[in-house]
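Notes follow the structure.
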Amino acid sequence: ALVINDPDFQHEDLNFLSRSQRYEQAIRKSSLMVMKLREYGIADPEEIYWFKSFVHRGRPEPLDLHLGMFLPTLLTQATPEQQDRFFMPAWNLEIIGTYAQTEMGHGTHLRGLETTATYDPATQEFILNSPTVTSIKWWPGGLGKTSNHAIVLAQLYTQGQCKGLHAFIVPIRQLGTHEPLPGITVGDIGPKFGYDEMDNGYLKMDNFRIPRENMLMKYAQVEPDGTYVKPLSDKLTYGTMVFIRSLIVGDSARSLSRACTIAIRYSAVRHQSELKPGEPEPQILDYQTQQYKLFPLLATAYAFHFVGAYIKDTYRRISGDINEGDLSELPELHALTAGLKAFTSWTANAGIEECRMACGGHGYSRCSGIPDIYVTFTPSCTYEGENTVMMLQTARFLVKSYNQVAAGQRVSGMVSYLNDLSRQRIQPQHVAARTVSVRINDPVSLVEAYKARAARLVEAAAKNLQAELNHRKSKEDAWNRTSVDLVRASEVHCHYVIVKLFTAKLSEISNAAVRAVMTELCLLYTLYGISKNAGDFMQAGILTDAQITQVNQRVKELLAIIRPNAVALVDSFDFHDTHLGSVLGRYDGNVYENMFEWAKKSPLNKTEVHESFHKHLKPMQAKL
Amino acid sequence: MGSKYAQGFGLGSVNPDLASERQTASFSVERLTTVLDGGAEHTRVRRAVVEAIERDPVFSRENQYFQTQNERYEAAVRKAVHLQKKMHEMGWREDGPEFIYIYRALAGDVAFLLHRVFMRSISVLGSDEQVAKWIPLATKHQLIGSYAQTELGHGTYLQGLETTAVFDTTTQEFILNTPKISAMKWWPGDMGRSATHTVVFAQLYVHGKCYGVHPFIVQIRSLRDHSLCPGITAGDIGPKMNFEHIDNGYLMLQNVRIPRENMLNKFCEVQPDGTYVRRGSQKINYFTMTTLRVSLLSDEVILPLMKACTIAIRYSAVRRQSKLNPGEEEAKILDYQTQQEKLLPQLAAAYAFHFINNYLHKLFDRGYKEIQERNFSSLPELHASSSGFKAMLSQYCTAGVEICLRACGGHGYSLLSGLPSLYTKILASCIYEGENTILLLQTARFLIKCFAAASAGQPVPQSVTYLAAVKPGKCPAKNKLDFLNPDIYVEAYQHTAIRLLSSTAAKLQDLIQSGVKKHEAWNQCTVQLVQAAKAHCHYITVKNFVETVEKLENKAGIQKIMKHLCDLYALHGIFSNAGLFLHDGYISGAQMDMITASYLDLLGVIRKDAVPLVDAFDFTDKSLNSALGSYDGNVYQRLYEWAQKSPTNQQVHPAYEKYLRPLLHNKLSKL
């Protein structure tokens with residue numbers, strides 16, 4: 001409320017502003033925000049996060065990379081001397097920095113980056129170059145117009161050898177005039193799908209020299225004579241990636257929750273057609289098809305929320321160990337977060353679109369707020385690791401674990417189900433013998449079904465991979481020819497993890513009424529997943545087609561059970577109207593009158609008669 | 001030909017990564033293009049129109065990604081006005097062979113599209129006198145029309161519209177009102193700023209009795225100075241996901257009086273004394289609306305998917321990332337199986353949909369002839385087909401375009417890739433001209449009826465005769481090659497379509513027999529009904545693809561590559577809906593593994609022809625308007641040069657002086 005009611009942070013609805021105006025508003029608010037943070041003495045990262053998310057209402061802003069990447073990278077990778085030189089100026093915003101990694105030609109595949117930093121011992125400088133068009137840095141946020149420094153990732157060359165990627169602090173604009181420095185070409189990459197307030201930029205360097213001391217040297221070092229000193233461990237960088245990906249999982253949950261809030265509230269306000277002849281038009285939320293679109297997504301939003309919290313907790317726990325030098329749990333967490341990042345962002349992305357579509361024509365108007373949620377969220381399928389590549393990273397871990405088990409070792413953690421693959425192989429007759437009705441209402445036994453599915457598909461992928469290898473194919477070729485299976489294996493593994501975490505969460509809820517409704521949502525999430533992927537469960541002999549029919553039926557019963565609580569369940573997400581930014585999703589449900597009020601402010605309505613009339617229409621009518 | 005693609009970017013020759021793709025084509029691209037166009041003459045006319053439009057700088061779309069809503073709207077109006085001149089100049093007529101290609105060449109980026117709907121509704125619904133009065137004015141653009149049906153509170157459910165038209169016998173006028181906020185007309189194109197007239201759909205009241213929804217011609221703006229007429233409130237409804245060039249509008253009516261003659265009265269008339277007369281059959285009108293759904297498929301739904309495939313596949317042949325084999329250069333991302341699995345099924349679907357669109361047009365041409373002979377028996381089938389296929393295609397193509405967008409990594413999110421605008425535009429097609437779920441339920445209603453008739457041995461329309469052929473059994477395939485036999489997979493689709501429909505019909509029956517009211521039973525089965533309707537359309541699409549391939553000439557490698565695409569389309573559908581096919585054991589688990597194997601093999605086969613297959617769509621660079629999808633594949637250079645033209649790069653941004661400078665100069669640190 002501190003922020004929401006502050007008149008300094010008010011402005012016209014962003015939907016009506018051009019890109020340039022939106023950038024300007026964001027910069028204005030960021031500048032103010034920094035001042036107010038100091039004024040109120042807010043320094044706790046968690047508090048800054050909430051303050052920021054209210055100032056920018058969950059939207060990206062030009063200083064994101066400065067605060068989120070530039071400063072933290074200085075903290076973790078700079079030597080004490082470097083921190084003295086750069087940190088306080090950056091903290092005081094004399095230096096505004098960004099983090100320039102992605103190039104036009106390379107993204108997720110970091111080793112392919114082409115920017116070079118060649119050490120010149122004569123002058124004790126690095127010479128930075130963008131030798132090809134594809135090596136131009138492309139996409140970094142805040143680079144286009146805002147920053148005067150960048151941490152640049154480049155291939156280090158010293159004594160004639162390439163030492164791989166390293167980070168360098170590069171000044172790019174003149175302090176005072178903000179003009180690009182000689183040797184630097186920098187600008188905005190143009191309009192994108194969303195992110196209007198962010199000046200994603202390009203950066204081209206031509207023989208640009210920086211002092212030796214500008215290489216971040218806490219780990220790897222280049223000595224004055226050009227001798228290269230290797231870092232101790234490269235696993236440490238995993239930590240940051242895990243952290244950022246865990247944020248995306250949380251973001252998936254939040255973005256989907258926002259879309260669900262809008263679609264479900266609107267569906268309770270919108271009346272249409274008739275269910276029973278002669279009766280008034282019903283709320284569209286009473287139609288089974290509408291419930292079938294929205295309630296599984298609502299359940300998904302809750303599921304992802306719990307998964308996000310789990311990763312955050314695990315990361316906190318493990319980072320303690322990491323600081324003490326224990327890296328043993330990191331590979332699994334790294335593999336798991338890669339897959340979960342991909343799984344949740346894909347699902348949330350599709351879910352947001354489903355919510356928009358469920359709002360009919362009005363969902364398409366920007367006043368619904370869903371287009372904005374979508375364009376802001378959708379790039380997360382690509383940034384911080386392209387999703388398919390992420391899934392394949394998880395798959396690599398799964399196959400490795402499978403091979404360990406096959407070689408007689410035991411594996412632990414979320415993949416421990418692989419240990420008893422041979423014992424657990426399910427016979428169809430075995431399944432038929434089980435008492436069916438109970439199992440379908442028991443989340444714990446459904447977790448077992450997901451576990452069996454994961455085991456089967458991981459095994460199938462691993463075996464297919466082996467079969468390709470037996471065809472005397474190279475390792476890489478065999479991997480590529482199995483990659484569709486491998487992605488599937490990762491997906492079902494992640495799906496299992498989510499179902500497991502959701503189910504485990506139920507017993508932690510003490511309030512009986514809350515637990516009851518969460519159990520319904522958990523069942524819906526789990527059963528809907530079975531219904532949608534029935535082929536997997538049938539093909540593996542985990543469920544019979546009669547059981548699938550029951551699952552389908554049960555899903556529909558759950559829709560009706562959840563219906564009375566639907567609005568309360570989205571109210572619980574507790575989004576403020578300002579934060580939701582949606583006319584359709586308003587807490588008070590006064591949708592139509594506010595749509596009209598909103599439309600009146602459209603730029604096309606600025607004048608009673610649009611200038612096009614005088615310029616084009618009138619002359620045409622006169623001529624014809 | 002080559003110069004057509006150069007686009008004035010000053011770029012050199014074709015990227016060798018794309019050139020090599022074209023050298024190994026297994027078929028003649030030019031020949032396939034003529035097959036798609038329906039003959040070499042059509043190809044010639046289309047190219048001539050595209051060339052004439054693209055050569056004209058007024059129609060350029062190069063800057064559209066940089067423009068604001070106001071600028072987009074103004075450009076669209078300018079283009080619409082200029083188009084009149086152009087058509088006159090070129091001798092193109094509205095009923096000529098060129099006409100269908102004009103809109104395609106403009107990529108829809110033009111105003112006054114609703115003007116044509118306005119004219120069509122008068123032609124169809126108006127009496128001879130009304131046609132004689134209004135059509136010449138509209139043709140000469142003395143007025144600009146729109147079509148106001150949708151309201152704030154009601155869309156697809158037309159009976160629920162709340163605008164009223166009350167007949168006043170004393171003045172012989174209708175009094176139009178939007179009595180509450182939800183009755184306000186909302187969304188009609190061209191109405192926010194441009195239109196002077198519109199066809200308003202309103203509930204007709206005479207002597208206190210409601211006669212249902214009828215169309216009325218209402219003037220909303222002055223023909224002299226364009227100001228709003230008395231009693232009219234109208235404006236633009238604000239920014240949307242796309243269609244920034246169209247002024248979708250709102251319209252409020254307060255006691256607006258129009259003469260009795262302004263009700264479109266070919267089928268219904270209110271006589272001076274207030275007597276309501278219905279004459280002739282309104283079914284033909286019904287047919288017109290149905291046709292609209294089919295006519296939009298090509299330009300609004302299938303072409304965007306073809307464009308997205310072209311962009312994503314060409315880019316995937318140029319983009320190299322990571323290594324497939326150590327020591328080799330980085331691989332084209334198109335060589336990754338996961339990339340093929342994203343893109344090639346979309347490509348196959350684009351072809352499948354092109355052919356089903358031809359099928360629908362034939363179906364409708366035949367239907368139209370029958371209707372002119374006053375035989376309305378094919379109407380239910382036409383209505384069901386147009387609804388079901390519109391829903392299926394728009395939904396699939398929307399998802400397909402998004403897959404293409406995301407398959408281009410980060411660069412796909414740049415507007416300069418062309419993909420975001422293709423996506424935000426196509427996704428509106430899931431809603432307009434009937435919300436998809438509702439349309440599928442209409443198809444399902446037709447299928448349920450036909451199924452009952454077929455089961456009782458009564459005759460049913462041709463496209464659903466298969467419903468009578470219920471035969472239990474198992475899929476006979478023994479190895480993965482068997483699944484390349486169309487008989488095998490067509491049979492599987494047919495079986496699944498029948499199973500889904502018959503089990504839903506049985507469930508409906510059970511519910512009703514157990515005492516559940518009919519409408520309640522229907523609502524309880526809607527999820528399954530939607531699924532059954534989709535399965536029907538999917539089956540017809542596969543079957544039609546197979547039949548089309550059989551009829552293709554076996555020359556220039558065309559039939560062979562089309563057979564591969566057809567197989568891919570069919571097997572991808574089974575692979576993605578495995579549960580439906582496995583459900584009653586028609587396909588066994590072992591057979592599903594064979595299908596998967598065959599499907600993955602096909603990806604590798606089609607990979608070789610992927611670029612020629614999108615080249616055959618024959619889009620010019622200007623029509624793609626994409627830095628990633630250009631014919632020459634000079635992706636990075638084009639992206640870099642185009643980005644520099646962004647208005648954000650014109651100068652040091654004003655935000656620097658206003659906000660950044662004080663910040664950087666540390667005036668804050670005092671705090």
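In what follows, every chain begins at residue 1, and chains take the letters A, B, ... in the order their sequences are listed.
- Here the shortest heavy-atom pairing between A:G107 and B:Q321 reads N-OE1, 3.1 Å.
- Taking both residues in full, the closest heavy atoms of A:N480 and B:D335 are given as ND2-O, 2.9 Å, listed atom of the first, atom of the second, then distance.
- Between B:R78 and A:S612, the side chains place no donor N or O within less than 3.5 Å of an acceptor N or O (distance only, hydrogens not considered).
- If you measure heavy-atom distances from A:L604 to chain B, the contacts under 4.5 Å come from both the backbone and the side chain.
- No more than 12 heavy atoms of other residues, nucleotides or ligands shown are found within 6.0 angstrom of NZ on B:K517.
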Checklist entry - What's the verdict on salt bridge (charged side-chain N to carboxylate O under 4.0 Å, His left out) for A:K615 and B:E74, showing C-alpha distance, side-chain angles and the deciding distance? => result CA-CA 9 Å; A:K615 269 162 107 173; B:E74 190 186 325; 2.6 Å; yes
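- Note that the CG atom of B:D593 and the CG atom of A:N464 stand 8.0 Å from one another [nearest 0.5 Å].
- A:H610 and B:N70 share a donor-acceptor pair across their side chains, judged by distance under 3.5 Å alone.
- In this structure, A:K618 NZ and B:D225 CG are separated by 7.5 Å, a value rounded to the nearest 0.5 Å.
- A donor-acceptor pair shorter than 3.5 Å can be found between the side chains of B:H583 and A:T549.
- Looking at B:I431, only its side chain comes within 4.5 Å of chain A, counting heavy atoms on both sides.
- Between the A:Q288 side chain and the B:V527 main chain, a donor and an acceptor come within less than 3.5 Å of each other.
- Each of A:R356, A:M357, A:M391 has some count of heavy-atom pairs under 4.5 Å with chain B, and the biggest count is that of A:R356.
- No other option in B:E402, B:R320, B:Q159 has as many heavy-atom pairs under 4.5 Å with chain A as B:E402.
- Side-chain polar atoms of A:E274 and B:H519 form no donor-acceptor pair below 3.5 angstrom.
- The minimum heavy-atom distance linking B:G410 with A:W139 is given by the pair O-CZ2, 2.9 Å.
- Taking OG of B:S322 as the start and NE2 of A:H106 as the end, the distance is 8.0 Å to the nearest 0.5 Å.
- Side chain to side chain, A:T382 and B:Y413 meet the donor-acceptor criterion of an N or O pair below 3.5 Å.
- Nearest heavy atoms, B:S194 versus A:L617: O-CD1, 4.3 Å.
- Your options are A:K204, A:R28, A:K600, and the one with the most heavy-atom pairs under 4.5 Å with chain B is A:R28.
- In terms of heavy-atom pairs under 4.5 Å with chain A, the best-connected choice from B:W522, B:W186, B:F581 is B:W186.
- In this structure, chain A has a heavy atom under 4.5 Å from the side chain of B:T68, while its backbone stays farther away.
- Contact of A:F537 with chain B is not made at all, since no heavy-atom distance falls under 4.5 Å.
- Only the side chain of A:W138 has a heavy atom closer than 4.5 Å to any heavy atom of chain B.
- Between B:Q340 and A:V484 the shortest side-chain heavy-atom distance does not fall below 4.5 Å.
- For B:V81, the parts lying under 4.5 angstrom from a heavy atom of chain A are both the backbone and the side chain.
- The shortest distance between side-chain heavy atoms of A:T185 and B:Y640 falls below 4.5 Å.
- Closest approach of A:F613 and B:R224 over heavy atoms only: CZ-O, 3.9 Å.
- Residues B:H154 and A:E281 are in side-chain contact: their nearest non-hydrogen atoms beyond the backbone lie under 4.5 Å apart.
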Item to check | Chi angles and distances behind the side chain to side chain contact (heavy atoms under 4.5 Å, CB included) call for A:S602, B:Q69 | outcome: CA-CA 9 Å; A:S602 169; B:Q69 193 193 356; 3.9 Å; yes
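- Of the listed residues (A:I370, A:T607, A:D477), the one with the most heavy-atom contacts under 4.5 Å to chain B is A:T607.
- With values rounded to the nearest 0.5 angstrom, A:Y287 atom OH is found 10.0 Å from B:T526 atom OG1.
- Between chain A and the options B:S182, B:A428, B:S227, B:A399, the largest number of non-hydrogen pairs under 4.5 Å is found for B:A428.
- Contact of B:E328 with chain A is not made at all, since no heavy-atom distance falls under 4.5 Å.
- If you take CD1 on B:I237 and CZ on A:R366, they are separated by 12.0 Å, rounding to the nearest 0.5 Å.
- For the 3.5 Å distance criterion, the side chains of A:N552 and B:Q528 fail to qualify, holding no donor opposite an acceptor.
- Using a 4.0 Å cut-off between a side-chain N of Lys or Arg and a carboxylate O of Asp or Glu, A:R481 and B:E341 do not qualify as a salt bridge.
- Between atom CZ of residue B:R406 and atom OG1 of residue A:T378 there is a gap of 4.0 Å, rounded to the nearest 0.5 Å.
- Counting heavy atoms from C-beta outward, A:E353 and B:T398 have side chains that stay 4.5 Å or more apart.
- Counting only heavy atoms from C-beta outward, the side chains of A:H616 and B:H82 never approach each other to under 4.5 Å.
- If you measure heavy-atom distances from A:Q553 to chain B, the contacts under 4.5 Å come from the side chain alone.
- Centroid-to-centroid, the aromatic rings of A:Y374 and B:Y423 come within less than 6.0 Å.
- Ranked by non-hydrogen atom pairs under 4.5 Å with chain B, the options A:M538, A:K293, A:H614, A:R19 are led by A:M538.
- Looking at A:N533, there are no atoms closer than 4.5 Å to chain B (heavy atoms on both sides), in backbone or side chain.
- By the 4.5 Å heavy-atom criterion applied to side chains, A:F193 and B:L405 are counted as neighbours.
- Between chain B and the residues A:K556, A:E386, A:Q272, the most heavy-atom pairs under 4.5 angstrom are made by A:Q272.
- For the pair A:Y364 and B:W187, the minimum side-chain heavy-atom distance is below 4.5 Å.
- Ranked by heavy-atom pairs under 4.5 Å with chain B, the first of A:H362, A:R111, A:K606 is A:H362.
- Heavy-atom minimum distance, A:K145 versus B:T648: NZ-O, 3.0 Å.
- By the 4.0 Å N-to-carboxylate-O rule, A:R270 lies too far from B:E435 to be salt-bridged with it.
- Side-chain contact check for A:N605 versus B:Y250: some heavy-atom pair is nearer than 4.5 Å.
- For A:T289, the parts lying near chain B are the backbone and the side chain together; criterion is any non-hydrogen pair under 4.5 Å.
- Neither the backbone nor the side chain of A:W91 comes within contact range of chain B; no heavy atoms are under 4.5 Å apart.
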